[in-house]
Amino acid sequence: MRRRDLYDAASGGAGPRLLPWTSPEGKPCYLSTDGRGYLSTLADSIETVQLGMGQELLEYAREATAPGAPILSATEYRWLACRLTEALADALRVADSRGQRLPDPEEEEADESA
């Protein structure tokens, strides 16, 4: 049995969940969970907030860069670029976390045919 299979059997889930935050050193944080605990719910809520903030920031950026919009200062554009970078990093982390929790189609087909 592969190590991942052993972990899955022991945890009752599909392995550790990538959380939507990092450690103080910037390293990824993981949670061993079945998806129903307090921390899983907290992580779901934080992901929702992060994606919502990213959407609001994108709308602001579109308005700020639209033809005829008032020109921002270099400092304001830098602030916008920094916030957009943060929002993109958050969105990519959420996508990665959710993608890791999707079942592998090849493994599903193998399970169904067995």
Open item on the list: Contact between Trp79 and Leu72 at the side-chain level, heavy atoms closer than 4.5 Å - yes or no?
Closed with: no
Open item on the list: So Thr33 and Leu39, do their side chains get closer than 4.5 Å, heavy atoms only?
Closed with: no
- [ ] Enter the distance from Leu31:CG to Leu18:CG here, rounded to the nearest 0.5 Å.
- [x] 10.5 Å
Task: Any donor-acceptor pair under 3.5 Å from Ser97 side chain to Arg93 backbone - done: no
Open item on the list: Given 3.5 Å as the limit, does a donor-acceptor pair link the side chain of Glu63 with the main chain of Ala69, or not?
Closed with: no
TODO: Please round to the nearest 0.5 Å and tell me the distance separating atom CD of Gln100 and atom OH of Tyr30.
DONE: 5.5 Å
Task: Inter-residue atom distance Tyr77.OH - Leu84.CG, 0.5 Å rounding - done: 12.0 Å
Task: Student check: side-chain heavy atoms of Arg17 and Arg101 closer than 4.5 Å - done: yes
- [ ] Would you kindly say whether Arg36 and Ser40 are connected by a side-chain donor-acceptor distance under 3.5 Å?
- [x] no
Task: hydrophobic_cluster_shared for Leu19 and Leu42, side chain cutoff 4.5 Å - done: yes
TODO: Mind checking the CD1-OG1 spacing from Ile46 to Thr41? Nearest 0.5 Å is all I need.
DONE: 11.0 Å
Task: Glu56 side-chain N/O to Met53 backbone N/O, donor-acceptor pair under 3.5 Å - done: no
Open item on the list: Applying a strict under-4.5 Å side-chain criterion to I, L, V, M, F, W and Y, I'd like to know whether Leu57 and Leu92 cluster together.
Closed with: no
Task: Side chain to side chain, Glu59 and Arg62, heavy atoms closer than 4.5 Å - done: no
- [ ] Give the minimum heavy-atom separation between Cys29 and Ser23, together with the two atoms involved.
- [x] SG-N, 3.4 Å
Task: Close side-chain approach of Thr22 to Lys27, heavy-atom, < 4.5 Å - done: no
Open item on the list: Rounded at 0.5 Å granularity, tell me how far CG in Leu102 sits from CZ in Arg98.
Closed with: 10.0 Å
Open item on the list: Rounded to the nearest 0.5 Å, what separates atom CG in Leu51 from atom CD in Gln55?
Closed with: 9.5 Å
